[in-house]
Structure formats: structure tokens, C-alpha cells
Amino acid sequence: MMKNRDTRLTIFLLIPVLLVLVAYVLYPSLRTLIESLHKDGVWTFSHYSDFFTQESKTNLEALWNSVYISLLSVLFSALIGIPLAFIFNRYDFPGRSFFASAAIMPIVLPSLVGVMAFMFLYGETGLIPNAIKDLFGLDDVPFKIGGVSGILIVHAYTMYVYFYMTVSSAIHKIDPSLEEAAYNLGASRFKVFWRVTFPLLTPAIVAASLLVFMISMASFSAPFLLAGGYRVLSLQIYFSKINGDMEVAATQSVILSIVSISFLLFMRWYQNRKDYRMASKGIGAHRSEVSNPIMKWSLVVTGIIGVIILLLPHLTILLLSLVPDGTWTWQTYPTVFNGENYRLLFEDPNVFKPLKNSLILSVVATAGNFVFGVIASYVLVKRKFVGKSFVDILVMIPWALPATVIGMNLIFAFNEPTIFSFGQILVGTFWILPLAYFIRHIPLVVRSTNAVLEQLDDSIEEASRSLGAKWFYTFRKVILPLIMPGVLAGTLLSFVESVGEFPTSVLLYTLSNRPISIEIMNQLRMFNMGQAAAYGMIQIALIALVLFISHKFFGVKAEKSLS
Amino acid sequence: NSEKEVVTETAKEEKPTLEEKVVVYSPHGKDILSKFEQQFEEKYQIDVEWLDMGSQEILDRIRSEKNNPQADVWWGAPSVNFDQAKDEGLLKPYAPSYSSSLAEGFHDPEWHWSGTSQTPEVIMYNTKELSKEEAPKDWDELLDSKWKDEIIIRYPLASGTMRTIFSAMIYRDFKDSNDPAAGYDWLTKLDANTKEYAANPEMMYNKVAKGEGALSVWAMPDVVMLKENKNYPFEFIIPESGTPVLTEGIAIVNDSPHPKAAEAFYEFVNTPEAAKILAEEFYRIPTRDDIDGLPAWITETEIKAMDIDWKVFQENSDTWMKHWDENIKSGEKEIKE
Amino acid sequence: MASISMDEVQKAFGKVIAVDHLNLDIQDGEFFTFLGPSGCGKTTTLRMIAGFYYPTKGVVRFGEKDMTRVPPEKRNTGMVFQNYALFPHMTVFENVAFGLRVRKVSKAELKERVRDVLQKVRLDPYAERQVSQLSGGQQQRVALARALVIEPEILLLDEPLSNLDAKLRDEMRSEILRLQKEYNITTIYVTHDQAEALSMSDRIAVFNVGVCHQIGTPSDIYNEPANDFVARFIGDINLWPVTIQHVQQDFLLVHIQNGEDITELTVKNTTLPDEGDQEKKLALSIRPESITVSSQERDGVNMIKGTIEEVHFFGSTIHLVVRDGELTYKVNTLNNGGATSFQVGSDAWIELPSEQMRVIPIVSGDSS
Amino acid sequence: MASISMDEVQKAFGKVIAVDHLNLDIQDGEFFTFLGPSGCGKTTTLRMIAGFYYPTKGVVRFGEKDMTRVPPEKRNTGMVFQNYALFPHMTVFENVAFGLRVRKVSKAELKERVRDVLQKVRLDPYAERQVSQLSGGQQQRVALARALVIEPEILLLDEPLSNLDAKLRDEMRSEILRLQKEYNITTIYVTHDQAEALSMSDRIAVFNVGVCHQIGTPSDIYNEPANDFVARFIGDINLWPVTIQHVQQDFLLVHIQNGEDITELTVKNTTLPDEGDQEKKLALSIRPESITVSSQERDGVNMIKGTIEEVHFFGSTIHLVVRDGELTYKVNTLNNGGATSFQVGSDAWIELPSEQMRVIPIVSGDSS
Ligand SMILES: Nc1ncnc2c1ncn2[C@@H]1O[C@H](COP(=O)(O)OP(=O)(O)OP(=O)(O)O)[C@@H](O)[C@H]1O
Ligand SMILES: Nc1ncnc2c1ncn2[C@@H]1O[C@H](COP(=O)(O)OP(=O)(O)OP(=O)(O)O)[C@@H](O)[C@H]1O
Ligand SMILES: [Fe+3]
Ligand SMILES: [Mg+2]
Ligand SMILES: [Mg+2]
């Protein structure tokens with residue numbers, strides 16, 4: 001292709017994207033790769049051959065389990081997230097906006113405390129099974145979670161949010177007349193959903209599937225806490241690392257990444273077979289008024305009940321935070337409630353420091369994610385260039401690798417001066433954490449932005465440019481507002497994730513930027529379940545506040561482009 | 001930390017020899033650390049900054065900060081961790097003023113670390129479920145089939161305590177036979193009785209407390225602490241045949257930014273007064289043999305320490321644990337639907 | 001059983017009333033056309049029939065059955081959307097096959113029918129294309145094919161041919177008519193092409209800003225417009241405010257103000273408006289093509305001499321504007337060689353045949 | 001400096017060649033129309049001029065400047081997209097104001113100009129609506145207003161009036177023409193309405209499947225079509241395969257096969273095709289409105305007696321089909337009272353004026 005302004009623009013946009021990716025994703029990852037190819041100081045594939053020929057097959061078993069759990073996690077998350085997105089975006093009922101926001105609360109759950117809340121709720125001695133047992137006078141608890149089912153429940157619970165958010169933002173972009181056309185051709189409600197709406201959501205669903213698949217592959221807390229010894233690859237990596245086999249850990253990480261990337265390539269292929277740009281003539285945003293009241297209200301009731309169930313773990317944390325330490329040990333139900341934990345917490349003059357740190361870190365990292373994500377996504381979706389798949393893979397790697405591996409990569413890469421860190425040693429400084437958050441959450445914003453961008457009719461951009469708007473102006477005034485819901489979905493997710501981020505934080509935090517998740521972890525380590533829960537509540541409140549504010553201030557704008 | 005401004009003002013005149021602050025990495029938790037921070041700052045007028053995190057994490061972190069160390073003192077970790085760090089050249093040797101009061105096993109021969117407290121591993125049981133008489137008295141009694149599905153064990157790979165216990169079980173035979181087979185066999189039987197491997201201590205406590213299981217094995221100070229401070233229905237039994245006793249220690253980080261202050265802190269946390277506080281308030285059994293007036297639960301408990309060559313532990317425990325993980329841990333237990 | 005009736009239907013969007021007081025009765029198998037200016041409520045009405053909007057007031061019936069709140073998928077209507085609404089994730093073939101798939105038509109028959117209809121809309125070579133790779137007109141034809149292939153009871157066509165060239169439009173028109181007659185499909189057609197409306201429809205409804213002004217056969221509408229809006233909207237027309245001077249057995253004597261002067265004309269009596277309408281202002285109407293024009297002097301009733309002010313060449317016809325004093329007359333004549341003798345500025349004699357003129361009430365506010 | 005020239009331009013989408021060997025020279029200030037059947041490459045050509053597609057081969061110039069690869073925002077073109085491409089997140093006002101905002105027009109002027117153009121497209125009451133709340137035609141007018149308001153050097157209109165009613169279309173047409181003349185805007189217009197094309201354009205290019213068949217003034221195109229495709233595409237026409245029997249000074253003697261018989265006609269000589277084309281098959285063409293018809297017996301050259309087979313009523317005109325043996329003649333005549341005497345089955349005498357007939361080469365494969 002000849003050089004022209006458009007290719008130049010592509011290159012101009014691509015360069016910063018590539019720079020960031022190479023510096024902070026590729027370069028550190030290569031170090032892992034290199035590590036995995038070393039044994040006793042010589043280059044070799046022996047770690048890989050060991051992986052597959054190992055006698056006890058534990059690695060293969062773990063690999064298989066990981067894939068299996070991840071696929072099921074995708075399935076279950078989709079089964080919760082997509083219907084909820086529908087109910088809360090397609091039907092209007094009192095309190096809709098509250099429930100719609102509340103539905104993303106699971107992601108707010110601090111990972112360890114969250115999983116423990118689950119155990120308190122649904123474990124063998126959990127509140128719900130025992131309550132049912134006592135209520136109906138059963139001999140045994142009717143159910144309990146644990147093992148694979150436990151992992152899956154926790155995964156579905158925390159990860160459906162990815163589906164919920166991406167699908168929510170994409171639903172609004174669907175031209176309602178397409179669904180109308182399908183109804184008109186005689187398709188039943190289900191058919192319309194299955195044959196038209198659902199396929200049109202493909203970009204969003206692909207995005208969410210990728211995010212969920214990869215995060216389950218790399219998921220740590222849930223298998224660690226719930227499965228006892230159930231073998232998954234992410235745990236194997238952790239144990240290899242604990243056992244000091246860094247090279248084996250690296251090998252396992254590389255294999256995990258390869259599986260995730262294969263999934264990515266498969267999804268890309270699947271999505272690219274078809275076209276999702278809604279290019280009908282004119283703006284067909286006649287809101288369909290079709291509704292069957294019984295159906296509607298039953299859906300709505302389901303949705304509301306769903307959200308209440310989704311909020312139970314938060315309520316459990318609230319409960320835990322109100323129970324003073326040592327008063328709920330062997331008892332089935334707690335008996336004493338007071339603000340003791342909060343009092344202890346607030347007696348510490350530094351209680352707000354981690355909060356402030358978390359906020360600053362997250363804001364800095366998320367701002368970076370926003371800018372980078374939008375540009376990268378635009379380049380990936382709307383521009384042509386060779387090596388797109390490669391860039392796409394780079395974008396997803398931070399999600400495919402377990403967080404601890406990312407943390408280790410960063411340590412390897414930046415505990416010596418490099419050009420990418422402007423000749424500074426980053427490890428041990430304030431900036432390493434926001435950088436880590438930024439890298440971790442690149443895929444979130446890029447993917448969720450991709451999802452809406454894929455649906456955008458190109459002629460809108462063309463119209464703007466033919467009216468004389470420069471690319472950047474067009475981007476700011478036309479494209480960005482249109483894709484805002486998707487961008488915001490991703491940004492919000494990445495912000496929320498940053499606030500709660502633990503696995504890389506624990507490797508990289510310093511005295512000056514110690515975030516709230518570390519604080520919670522430390523309380524837990526000291527068996528202060530109550531104070532940890534109280535801290536968790538503060539974190540939840542903080543995130544809820546941010547959600548509320550962003551809803552108030554950005555929501556208005558985003559909504560407008562939705563109508 | 002926050003007091004920095006206040007502290008730095010006065011620090012200059014009083015103790016000009018110390019640096020302006022000392023950075024401590026420790027798993028001891030906020031309660032202990034705040035207490036000692038406050039006392040140290042009062043005495044030396046310099047700032048104490050601490051990061052509390054798991055001992056494994058400290059090791060990782062000191063390793064990753066090798067090129068520009070941030071920490072001065074590493075306070076609290078089983079001696080094996082220190083040995084490992086020592087081998088990697090992460091620690092600076094320092095013989096404290098009280099070195100004479102430390103027994104042979106309580107410090108590194110080259111003084112790269114020294115012990116501050118000892119942690120015997122014990123059998124823990126739920127007092128609501130079992131009486132003292134019913135409870136097993138020794139390791140081998142755990143294998144009795146009546147405890148089937150009554151034992152809840154912290155998943156051992158990620159836990160120093162559990163690794164120590166499991167390794168010790170193997171070591172009992174290994175030290176003579178040089179073959180872990182008998183130990184593996186023992187662990188297989190334990191596995192058969194084990195109801196569940198809890199992923200973290202909190203879950204384990206919770207499950208034992210609520211009676212999902214009645215027994216566990218764990219570190220004694222923690223059990224005491226849970227019982228005394230948190231009202232858990234726990235009691236412990238020191239196995240008659242002897243139990244591994246971990247030494248927790250303190251060390252100074254190589255190339256630490258504040259070496260003088262580090263030494264001061266090193267000394268400070270193992271003064272007799274400090275050791276007494278630790279014992280009384282935080283259930284830590286001191287290593288120093290020159291401390292009087294210790295609480296009854298220490299003086300009255302007879303601890304029969306297993307004779308352990310920690311070097312052997314350090315060399316083999318990874319292999320043993322790996323073997324356990326891959327070959328012993330029962331497959332059914334992991335998938336509890 | 002596919003007659004449609006709408007009874008006092010109103011549709012409001014917030015404060016905007018898109019359709020008001022609409023009463024329609026469309027017979028089974030009828031070809032019915034909605035005609036009206038942009039934004040007058042045609043699409044809205046169609047969408048109420050298809051079931052995408054519920055009327056704010058009023059009732060929609062198919063046959064005897066109240067369909068007002070029946071969901072669209074239960075109505076067995078086929079619709080061509082004004083914006084096509086093609087499924088972007090499907091190929092042309094899949095788009096067209098969608099309705100048949102839903103109806104569980106067998107694989108073989110489905111293939112057959114889709115191929116068939118694609119052939120009819122001249123798109124058989126494009127069956128496997130993604131719709132985004134089609135031109136505007138091709139997309140429109142996919143939309144048409146998709147609605148036709150299911151042979152619905154009711155066909156709702158919202159400007160289905162607006163982006164096609166004249167030839168193709170002709171072909172599609174006959175295809176629609178053929179299908180409509182063959183399967184006796186009640187068809188509602190929205191178009192802006194009056195010739196199309198007049199030539200295809202059994203009956204036509206003329207709308208303006210949410211109100212239906214006249215319903216009737218094409219020649220009713222064309223030759224006997226109910227009021228000046230309809231007259232003006234359908235085809236070109238000459239309209240002058242008029243006062244009735246004298247009512248005779250067969251003829252009316254009417255006066256048109258021509259500046260200071262008055263032009264007196266005789267008009268056939270049959271067209272006198274109803275009593276009620278006589279209160280309103282009246283206008284005299286005559287179609288431009290009903291006026292005969294000659295460059296030679298002629299004589300007769302309603303014969304007026306003027307000068308040619310404008311000449312427009314329109315392919316087969318020529319449109320003239322002839323001025324007499326303050327009055328201008330629009331005149332259309334065939335472009336048959338001789339017509340070239342009409343030159344701007346030259347004299348022309350025009351005749352307004354008395355049986356071609358109508359006196360009708362004025363309803364529009366302005367008189368542009 | 002807004003003349004446009006395209007030099008051997010080709011555009012391929014994968015294997016599909018949408019435009020091929022295109023050579024165009026559009027003068028500064030010219031009103032140029034693209035005409036052609038659906039899918040023939042009009043939009044593609046327009047998009048190459050606007051800069052949304054880069055030609056696969058060939059060069060696009062504005063004036064002397066090679067613009068082939070200049071990005072769209074540097075071209076100062078205003079475009080009405082076939083699918084409107086309105087900004088869904090903006091109100092009508094904001095949509096229209098967009099181009100002016102980009103041009104940093106002062107607040108007051110911007111408001112003024114937007115109001116002004118909205119008035120012209122009759123949308124001033126809708127300024128604050130979201131575009132999704134508009135009817136199809138209203139949206140189209142927003143698209144038009146948005147392109148017009150910036151008074152670009154080049155205006156590209158892709159079927160800008162297809163969804164408007166005749167009256168509004170008339171008004172919009174004059175508005176476009178007025179603007180175009182006033183600011184001397186080079187305008188390229190795509191339409192399917194031939195009357196529109198013929199009446200508005202300075203010149204017309206007729207396309208078929210990617211190839212341009214003829215470029216010329218409206219009367220060139222209409223009266224002297226280059227070949228049977230153009231002839232057939234523009235307006236109705238009678239076309240018969242023909243053989244030239246005899247070439248005289250002024251007249252050709254031609255034969256048309258009429259079943260077993262032969263119909264002999266004399267045609268004015270001026271229309272004999274070029275040498276090159278004589279190799280090809282030839283056809284005789286005459287417009288239906290050029291044929292005069294009478295229900296009374298008449299006499300003369302090229303006078304044919306037939307029977308009326310079909311009568312179609314088209315408002316101001318009547319279309320007849322007259323049969324003589326195997327040959328049918330399409331004849332258009334004015335609906336002026338007397339025309340009603342044409343009845344199916346009755347005799348008719350038609351005359352084919354020799355100066356209205358043309359002999360042209362046949363290029364299309366089929367002869368439908
Ligand atoms: N992206 C594409 N990929 C493949 N073929 C295409 C693509 N875009 C257009 N075409 C084909 O190119 C040809 C020309 O398309 P174009 O849109 O220029 O037609 P058009 O003359 O504007 O037709 P219409 O009047 O129907 O709008 C069509 O046959 C169309 O199917
Ligand atoms: N969702 C809406 N909200 C507010 N007003 C609307 C909405 N939809 C349509 N309207 C208004 O209702 C009126 C009728 O719209 P409708 O689409 O029925 O017009 P139409 O007759 O189909 O016009 P066109 O020929 O331009 O398509 C228009 O003035 C339009 O602006
Ligand atoms: Fe401090
Ligand atoms: Mg409409
Ligand atoms: Mg087109």
C-alpha cells in the first residue's frame with residue numbers, strides 16, 4: 001500500500017500503542033519466556049517436555065482442569081450476565097437504575113474476603129444452608145459449596161459482571177428496527193433473541209468471553225480458597241514459585257498464556273466471519289414498545305431477586321464487620337453486633353491512608369487505561385495494518401498471564417534501569433503500582449471498547465470527515481461520544497478492579513503507596529476477620545460512591561448517545 | 001509514616017549516629033508492629049516504618065529488591081526462610097549483644113540471623129466436640145480410623161507451618177533410613193482421614209470451630225492466641241513423641257539503607273522486656289534463656305522438641321511436598337460437590 | 001380474513017401527535033396506499049398496524065379481531081422498513097430465509113423459495129454476500145425480498161422502491177402486484193411517487209400532519225380532490241381563490257380576482273361542495289394537463305389569451321407557465337415536435353374546459 | 001478551482017469490480033448527474049471523489065491537483081450519504097452545525113446559518129429534536145441541510161431526495177440549484193428519478209455495471225442515446241432490431257421484422273451510427289411520446305394502423321400499447337379529455353415521425 005495520510009495516521013496512532021505494549025507487555029513477558037527456556041543456565045526445552053511427559057500427569061491434569069473450569073465459567077457468567085443486562089436495559093421499572101448499578105457490585109468484592117463471605121454464606125456451616133436446615137428441621141444441610149462447584153459459583157458470581165457490562169453497553173447500540181424486523185417476520189421472542197439480538201451482541205459477548213476465559217485461567221483466589229487441592233494451572237504456577245522453581249513457574253505461565261491466546265485467536269476468527277456494523281439507512285431508533293406485561297414483570301422480578309442474591313455476599317461482609325472478633329466462632333449464627341470493628345479501625349489515625357493510596361493509584365492507572373484503551377481499540381477495529389493479530393495478542397497478554405506472573409515480570413524488567421522506565425529503577429517506587437494496574441487492565445478497556453466499536457457504522461466517521469473535521473476532532477466529537485458506553489464500562493471495571501487489586505499489589509507495593517487490599521489481607525493474616533470485613537465494607541462503600549458519581553456525571557452523557 | 005515530621009525534628013540532636021528511620025519487613029502483624037514502633041520511636045526518636053506481609057512474600061520481595069534494597073530489618077520468619085535468604089546472599093551477618101543467651105539452634109552459625117521466638121507445632125482440637133481425654137495424644141493417633149473425616153488441614157504447600165509438620169513426619173524415619181517411603185506412607189494414611197484441605201488458616205479455624213471437623217494440626221502460639229483472645233473453642237495437645245519446633249528469627253538485610261538504625265531495632269525487639277511483652281501479650285515463646293516471669297502457659301507446658309537437622313529439611317522439603325502434592329493427596333477430596 | 005380497520009386511532013410521542021383521529025377500513029386483498037408529505041405519520045400508522053407501536057387511543061382490527069395489543073410476531077404481516085433493517089450478521093440468502101426458517105419451512109422448499117424471490121428482485125448472484133457489501137438499492141431489494149418471500153396475509157411496504165431506478169421499479173411494482181393478486185395479500189403501500197400510487201392502488205389515503213384528508217380510488221383523488229391540500233399534493237394543479245357568482249341548472253358562474261380585474265369562468269355544476277364546506281373559503285382547481293394550449297389564436301368558452309412566461313422541458317412533456325394579468329396558468333403539453341414552437345414571451349391561447357374544473361374548499365393555512 | 005477529473009479509475013472490492021475504466025471531466029460549477037441502475041457503481045464513484053475509497057487504479061484530480069490519496073477532510077466536499085449517516089448522539093441543530101463548528105464559524109453566524117438552512121429544508125421546528133425522533137424524510141433533509149450549510153466547493157449528493165414527497169422534492173431541487181448557482185458549487189448528483197436528472201443537470205453520465213456508457217447534456221442523452229442501454233434506461237422507448245436497407249442523401253430506408261412480414265420505415269439520415277458501431281447489431285428507437293396517435297384514420301409516411309392492446313392511466317398522461325401484427329408500439333399521449341376515446345380493442349392510427357427516429361447500436365446482452 002502506498003504511503004498516504006491515512007496510513008500515516010494509522011502509523012501515528014499505532015506507534016504509541018506499540019511502544020507501550022512492547023515496553024510494558026512484550027518486554028517483561030519475553031523475560032518470562034526466556035526464563036522458561038533455561039535450565040541450569042543453558043537453553044533448553046526440557047521444562048516443556050517435562051510438563052507434558054511428567055509421570056504423575058499433574059500438570060496436564062491442571063491444564064485440563066483450568067480449561068474446563070474456564071469454559072464453564074464463561075458459560076455460567078454468560079448465563080447470568082446476559083439476561084441481567086437485558087432485563088435492566090430493556091425494561092423500565094421503578095428502581096431500575098439502582099438495580100442496574102447494583103448488579104456490578106460483585107466485582108467490588110475484595111477477592112479474599114469475598115470468597116470467605118461465600119464460605120460463610122454457603123459453606124457446610126454457612127448461614128444459608130443452616131438457616132434452611134433449621135427452618136425445615138432437616139438432619140443435614142441441604143447443600144454446600146466447595147470444590148469445583150464452589151469455584152464455578154464464585155467465578156460465575158464475580159465474572160458475570162464482564163458480560164453484564166459489555167452487553168449492557170452494546171445492547172443500546174443495536175438498531176431496534178432489526179429486532180422489529182425479526183418479530184415482523186414471525187419470530188417468537190426467543191427466536192428473535194437467539195437469532196438476531198444475540199448474534200448482534202457477538203462483539204460484546206466475544207469480548208466478555210475472552211475476559212472471563214482468561215481471568216478464570218489465571219484465577220487464583222477461588223481455586224486456592226475453595227478447592228483445597230483441586231489442581232489448576234494458576235495454582236501450579238503459584239506452588240512452583242513457592243517451591244522456588246522459577247523456571248517451571250515460567251514454563252507453566254507460558255503454557256497458560258498460549259492456551260489463553262489460542263482461545264483469543266479462536267474467538268477472533270469466530271467474530272470476523274461476520275459483519276456486525278449496523279448500517280441501516282438513517283437512524284432507526286424507534287424504541288419498540290412491544291411488551292407483554294406478565295413476561296415483563298416476571299423478568300423484572302427475576303432480575304431484582306437476582307440482584308438481591310448477588311448482594312448477599314456483601315451483606316455477609318457487612319454482617320461480619322458488625323460482629324466483634326471472637327463472638328462468632330463455633331456458633332452457627334452470630335449473636336453480638338456492634339461497631340467495635342469500626343471503632344478499632346478508626347482509632348488508627350492512618351486508616352484513610354490506604355484508601356487514599358488506592359484511590360490515587362487507581363485514578364492514575366485508570367486514566368492511562370482510558371486514553372490508551374480507546375486509541376488502541378480504535379486502531380485495532382477501524383484501521384488496517386499488518387500484524388493486527390499480533391497487537392491484539394499483546395493487548396490480551398496482561399490478562400492471560402496470572403497476576404503474580406505480571407508482577408514478577410515487572411520486577412524482572414524494572415529492578416534495573418531501562419529505557420522504558422527512563423533510566424529509573426521502578427521497583428520500590430510509587431510508580432510501579434499504577435504501572436502494574438495500568439498493564440493489568442489494558443485488556444479490559446480495549447475489549448469493552450472494541451465491542452461497541454465493532455458495531456459502529458463507518459459512514460458516521462466518514463460523514464464527519466467529509467464535513468471537514470480532522471481525524472482527532474471527529475474522534476472526540478463523534479466517535480468517542482458514540483462508543484462512550486463501552487469505554488465507560490471498561491474504564492469503570494478497570495477502576496473497580498484497580499481498587500481491589502491484590503496479587504500484583506502484594507508483590508510491588510511500597511510503604512508510600514500501600515493500597516487497601518493489602519490492608520485487608522494483613523488484617524486477615526492476623527485473624528481479624530471482623531476488621532478485615534470492616535475494611536472491605538469501606539472499600540465497597542468507596543467503589544459504590546465512585547460508581548454513583550460516575551453514573552451521575554458521565555451517565556447522563558452516555559445515556560444520550562444510547563437513545 | 002505519619003509521625004515523620006515530629007520525629008525528624010528531635011532526632012538530630014539526640015541520637016546523631018542513627019539514620020533518620022528504619023524500615024522493617026515483618027509478618028508479625030499490626031498489633032505487634034505498632035506497639036514496637038511506638039516504643040522504639042519513643043526511645044530513639046527515629047521513625048519506624050514497617051510493612052507487614054507473609055514471610056514467603058518477604059523473602060520474594062527482598063529477593064526482588066536485591067538491586068536496590070528498601071528494607072533494613074526482616075523480623076519474623078521460620079529459620080528455613082532465613083537460611084534460604086542467606087544462601088542467596090540477601091542477609092548481613094550481625095551478632096547481637098545478647099548472643100550469649102541464645103542456644104545453639106537458635107541462631108545461624110555465622111549470625112546471618114538469630115532466633116527471637118519458638119513455635120512448637122501441636123495437635124489442635126475443638127473443645128465443643130472433644131474432651132481432653134478423647135483427643136489424640138500423639139501424631140500417630142491421628143491415623144486412627146475413628147478420626148475419619150474429622151481432620152481439617154490447612155493446605156500444606158502454601159503454609160510454612162504445615163510444610164514443617166509434614167516434613168517432620170517424613171523426617172522421623174528419613175533421618176535413619178534416608179528414605180522417605182515410610183513418611184509418605186504415614187501421610188497417605190493421614191490423607192485418608194482428612195476431610196478437607198482448607199485454603200487458608202481462617203477457613204481452617206472456622207471449619208474446626210463450627211465443627212465441620214474436630215481436629216487439626218497447627219502452631220501452638222496461634223492456637224493459644226485464638227483461644228485466649230478470640231474465644232475460639234480450641235485447645236492444643238503437644239504430641240508426646242516430640243514435635244518440630246520452629247525458630248522464628250530476625251535478620252538485617254544486606255546493603256540495607258539504614259544499617260545503624262537496623263542494628264538498634266534488631267537489639268530492641270529482643271530485649272528481655274520485649275520478649276516478655278511478646279510472650280505475655282502475643283503468645284510468643286522466647287528463644288532467650290535469660291528471661292524470667294514468663295506466663296504460665298509457657299512454663300507449665302512441657303515441650304519435647306524433635307531433633308531436626310534443618311539443613312536436611314531445607315534441602316528435601318520441596319521434593320517431599322511436591323511428591324505429596326502429586327502422588328499422595330487423594331483425588332476425590334479435591335472435588336467436593 | 002385480512003381486512004384491516006382502524007378506529008379513531010391516535011398516536012402521540014410525548015407532546016407530538018403523529019397520528020390523530022384516524023379511521024381506515026382496508027378490504028381483504030386490497031392494494032391500499034398511504035400518500036402524504038414527509039413527516040405526516042405514514043410510517044407511524046404502518047407501525048401501529050405491524051404492532052411496533054401501540055396506539056395512544058383507538059382500536060386496530062384485523063377482520064373482526066381486536067389486534068390493538070397483539071405482539072407483532074402474532075400478526076403475520078410482512079414489512080419492508082423504510083430503513084431496510086437488514087440483519088447485518090447474515091448474508092443476503094440468510095436474511096431472506098429468516099422468515100421461512102421461523103415458519104419451519106423444509107430445507108428444500110426454503111432454498112427454492114429464497115432463490116426464486118431473489119431472482120425476482122434480480123439479486124440471485126448476490127445470495128452469498130454480506131449485506132454490508134451491497135449498494136443501497138440492492139439492500140432495499142433484499143428488504144423487499146425478505147418481506148415477500150413469506151407471503152404474509154398483510155404486506156406493509158414503507159417506500160420499498162425509493163432507491164431503485166425507474167426500470168427496476170417498474171419490474172418490482174409488477175412483481176408486487178402479481179404476488180398481491182395471486183395470494184390475495186392485503187397490501188399497504190407507502191410511497192412518494194404519485195404516479196406509482198395512482199397506477200397501482202385500489203384506494204389511496206392522503207395524509208397531512210397526522211390527519212387523513214381523503215380516502216378514495218386514484219381517480220377520485222386525482223379528479224375530485226376533497227380539498228385544496230389533496231389537490232395540491234397530488235400532481236400539479238392550478239388553484240385560485242374563487243367566489244361563486246351564480247348557480248345555474250348545469251353551470252356555475254365563478255369569479256377569480258385578477259389584480260383589479262375579474263376573470264369570469266363557467267364551471268360544470270357537479271362539483272359544488274357540500275353545504276358544510278360552503279362556509280369555508282373556496283378555490284377553483286384545474287389540472288395543468290387539462291388546459292389546452294395553442295400558439296394560434298382560438299375562440300370559445302373559458303378561452304384566455306396570455307403570454308408564455310416559462311417553458312420547462314421534462315422529457316416526454318413540456319410544462320408551461322402562461323400569464324394573463326396577475327394570474328398565472330400552469331399548462332402541460334406533450335413534447336411532440338410541434339411543442340417546440342412555445343417560446344418564452346410569445347402569445348398563447350389557453351382553454352379551461354368547464355367540465356375539468358372543480359370548486360373545492362380550502363383547508364390549508366397558507367396558499368403557497 | 002473545483003473541477004473534477006477522473007482518469008482511468010478502477011475500484012475493485014476483492015474480486016468484484018465496482019467501477020472500471022472511468023474517465024470523467026466535471027467542470028467547475030457544473031451540475032453533473034450520475035444515472036444508472038441499482039448497483040452500477042454510482043455510490044462507489046462518489047465515495048472515491050469524497051475520499052472514502054481510494055481507487056484501485058487511476059487518478060482523481062480536483063483542478064490540477066492530484067487528490068487520489070488526500071484524506072476526506074482535506075477535500076472540502078459536502079456529501080449527502082445514501083444512508084444519511086447522521087450523528088445519532090446529536091440533535092438536528094447540532095448535526096447541521098457540525099461542519100460549521102469544524103470551520104470555527106462564530107457562534108452568532110453559526111446559529112444564523114443553521115436556522116437558515118433548516119428553514120430551507122422545512123425543519124426549523126425540529127431543530128432541538130434528537131435525530132432518532134424524526135421520520136425518514138425528515139432525516140434525509142437533515143442530511144441535506146448538513147451538507148448544504150457548509151457551502152462546500154464540491155457537493156456530492158447520493159439520492160438526496162429519494163424519500164421526499166414530490167412537492168418537497170421540487171422545493172429542495174430548486175434550493176439545491178439556487179445554492180449551486182449562487183456559490184458556483186460543483187455538484188454531483190445521484191438520482192433514480194430521470195425527470196429530475198433531465199431537468200436539473202448540466203450534464204449526465206449514464207452508468208451500467210461499473211462502466212460509463214454516455215456522458216452528455218440531458219437532451220443529448222434523451223434524444224441521441226449512444227446505445228440501446230442508454231436509450232432504454234432513460235425514459236420509455238420503442239426499440240426494434242433493424243436492418244438498414246438503403247442509404248439515401250437524407251433518408252435511410254430500414255426494415256423491421258414483423259413476424260413473417262417486414263415493416264419498412266424511412267428515417268432521417270443524421271442518426272446513422274459511427275463506422276465502428278455499424279459492425280454491431282443495430283436497433284431503431286423512438287420515444288413513445290414522439291409517436292402521434294389518433295382514433296381516426298389518417299394517412300402519411302410511416303403511418304401504421306394497429307389495434308389498441310393496453311391503456312394505462314397516469315394522471316396527466318395516458319400510455320397506450322398498440323399492436324400491428326407481431327410488433328407492439330408504446331405510445332404516450334396527453335390525458336386531455338378527448339383521450340378517453342382510446343379503448344382497448346379499438347383501432348388506432350399511429351405515425352412515427354421520421355425525424356424522431358434513431359438508429360443505434362445494441363450493447364446489452366438481453367433485449368428485454
Ligand atoms: N464493500 C463492498 N464489497 C463488495 N462489493 C461491493 C462493496 N460495496 C459495493 N459493492 C458492489 O459494488 C457495486 C457498486 O456499488 P455502488 O454502491 O456503487 O452502487 P450504486 O450505483 O450506488 O447502487 P444503488 O443505486 O443501488 O445505490 C454493487 O454491485 C455492490 O454490490
Ligand atoms: N420517536 C418519536 N418521537 C417524537 N416524534 C416522533 C417520533 N417518531 C416520529 N415522530 C414524529 O412523528 C411524525 C410522523 O412520523 P412518521 O415517521 O410517521 O412520518 P412519515 O409519514 O413516515 O414521514 P416520511 O415520509 O418522512 O418517512 C413526524 O413529524 C416525526 O417527527
Ligand atoms: Fe511511623
Ligand atoms: Mg416514513
Ligand atoms: Mg448507491
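In this text, all values refer to a predicted model and were calculated from it rather than measured experimentally. A, B, ... follow the sequence lines: proteins, then strands. Residue 1 opens every chain.
In this structure, CG in L482(A) is found 8.0 Å from CE in M90(D), a value given to the nearest 0.5 Å. Annotation: the span from K477(A) atom NZ to E94(D) atom CD amounts to 9.5 Å, rounded to 0.5 Å.
Between A85(D) and A463(A), the closest heavy-atom pair is O-CB, 3.6 Å. Shown here for K470(A) and E73(D), the closest heavy-atom pair between the two residues is CA-CG, 4.0 Å. Between P88(D) and I460(A), the closest heavy-atom pair is CD-CD1, 3.8 Å.
Other residues, nucleotides and ligands contribute more than 12 heavy atoms inside 6.0 Å of the CZ atom of F385(A). Counting heavy-atom neighbours within 6.0 Å of F13(D) CZ, excluding the residue itself, gives a total above 12. Surrounding NZ of K111(D) are at most 12 heavy atoms belonging to other residues, nucleotides or ligands under 6.0 Å away. Crowding of E8(D) atom CD: a count of heavy atoms from other residues, nucleotides or ligands under 6.0 Å exceeding 12.
R103(D) places a side-chain N or O within 3.5 Å of a backbone atom of L467(A) that can act as its donor or acceptor partner.
Contact count against chain A (heavy-atom pairs under 4.5 Å) is highest for N163(D) among L156(D), N76(D), N163(D), V142(D).
Neither the backbone nor the side chain of Q140(D) comes within contact range of chain A, judged by heavy atoms closer than 4.5 Å. The parts of R101(D) that come within reach of chain A are both its backbone and its side chain, each placing non-hydrogen atoms under 4.5 angstrom from that chain.
You'll find the side chain of F52(D) stays beyond 4.5 Å of the side chain of S459(A), heavy atoms only. Taking 4.5 Å as the limit, every side-chain heavy atom of W471(A) sits out of range of all side-chain heavy atoms of P71(D).
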Query raised in the report: What do the steps show when you test M79(D) against E462(A) for side chain to side chain contact (heavy atoms under 4.5 Å, CB included), and what is the final call?
Result: CA-CA 10 Å; M79(D) 178 148 174; E462(A) 291 169 354; over 6 Å; no

